[in-house]
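Here the structure comes first, spelled out in structure tokens, and everything after it is commentary.
Throughout, numbering of the chain's residues begins at 1 and tracks the sequence. Counting convention: from 1, in listed order, for ligands and their atoms alike.
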Amino acid sequence: LVINGPNLNTLGTREPEIYGATTLAEIEAGLVAQGAAAGLAVDTFQSNHEGAIIDRLHAARSDGTEFVIINPGAFTHTSIALRDAFQAAAVPFCEVHISNVYAREPFRHHSYLSDLAVGVMAGFGTRGYTLAMAFVVERLNRS
Ligand code: DQA
């Protein structure tokens, strides 16, 4: 399951000097194809609403989701509720940031999720999603 949080629906036009020119639809299609090539079904979900993302995580507890790749957007830095949802869902996840959040404003240096994540990608551009998916493919095909 690939989840993208607030404002990521505007990728492609949003601050392209930071986030690049690739749209979310292109990223999602690429990840679905990458998963399919490895025999994995990839579901995608984007919302600008904290509660909707939390509801999707609750559903992931019982819908067979084996792994979550999430770019939580700004909720990374604000959402204890999202943290609690990940703890409750008990589904392994990778956190992805397109930009290098550690090279940006101090408020982006803290994540409420990173210590729960299997791993974190930051600063590899939209390629970070692909690299995270390559990791998931390896991990799920090994287990
Ligand atoms: C982001 C980094 C966050 O700080 C920011 O709020 C985003 C995108 C990234 O992908 O680099 O919305 O998660």
Side-chain angles (χ1 to χ4, degrees), residues 1-38 40-141:
L1 169 63
V2 177
I3 299 179
N4 277 279
N7 300 307
L8 294 163
N9 56 311
T10 65
L11 283 177
T13 53
R14 172 194 187 190
E15 300 177 277
E17 66 288 357
I18 297 177
Y19 297 113
T22 312
T23 66
L24 183 60
E26 289 166 343
I27 291 168
E28 288 177 339
L31 294 172
V32 168
Q34 191 181 349
L40 297 182
V42 176
D43 193 11
T44 61
F45 182 79
Q46 189 277 330
S47 181
N48 295 320
H49 304 276
E50 192 174 13
I53 297 171
I54 290 167
D55 287 345
R56 184 64 191 86
L57 280 174
H58 289 175
R61 298 173 77 172
S62 56
D63 71 0
T65 299
E66 291 180 89
F67 205 99
V68 174
I69 293 173
I70 183 166
N71 183 345
F75 292 151
T76 309
H77 320 297
T78 63
S79 183
I80 297 169
L82 189 55
R83 177 188 176 84
D84 286 349
F86 268 110
Q87 227 153 8
V91 60
F93 70 98
C94 278
E95 180 181 336
V96 172
H97 300 286
I98 296 166
S99 64
N100 179 358
V101 284
Y102 301 103
R104 301 181 63 193
E105 305 95 319
F107 62 82
R108 296 187 202 276
H109 297 183
H110 176 258
S111 165
Y112 277 106
L113 302 178
S114 294
D115 64 305
L116 300 178
V118 174
V120 181
M121 305 284 313
F124 296 94
T126 53
R127 184 108 173 89
Y129 292 98
T130 317
L131 296 169
M133 184 60 77
F135 169 79
V136 173
V137 164
E138 250 185 61
R139 178 177 158 127
L140 293 184
N141 284 341

First-shell residues of ligand 1 [heavy atom, distance under 4.0 Å]: R14, Y19, N71, G73, A74, H77, H97, I98, S99, V101, R108
All pairs passing salt bridge (Lys or Arg N to Asp or Glu O under 4.0 Å) where residues 3-21 contributes a residue, at least two apart: none
Within residues 61-88 or reaching into it, pairs that qualify as ring-ring contact (aromatic ring centres under 6.0 Å, His included) - sequence neighbours excluded: F86-F93
Distance, nearest 0.5 Å, that separates OG1 of T76 from CG of L82: 8.0 Å
Nearest-0.5 Å distance that lies between atom NE2 in H58 and atom OG in S62: 10.5 Å
Steps toward side chain to side chain donor-acceptor pair (under 3.5 Å) verdict (R104, S99): CA-CA 8 Å; R104 301 181 63 193; S99 64; 2.9 Å; yes
Within residues 121-141 or reaching into it, pairs that qualify as ring-ring contact (aromatic ring centres under 6.0 Å, His included) - sequence neighbours excluded: none
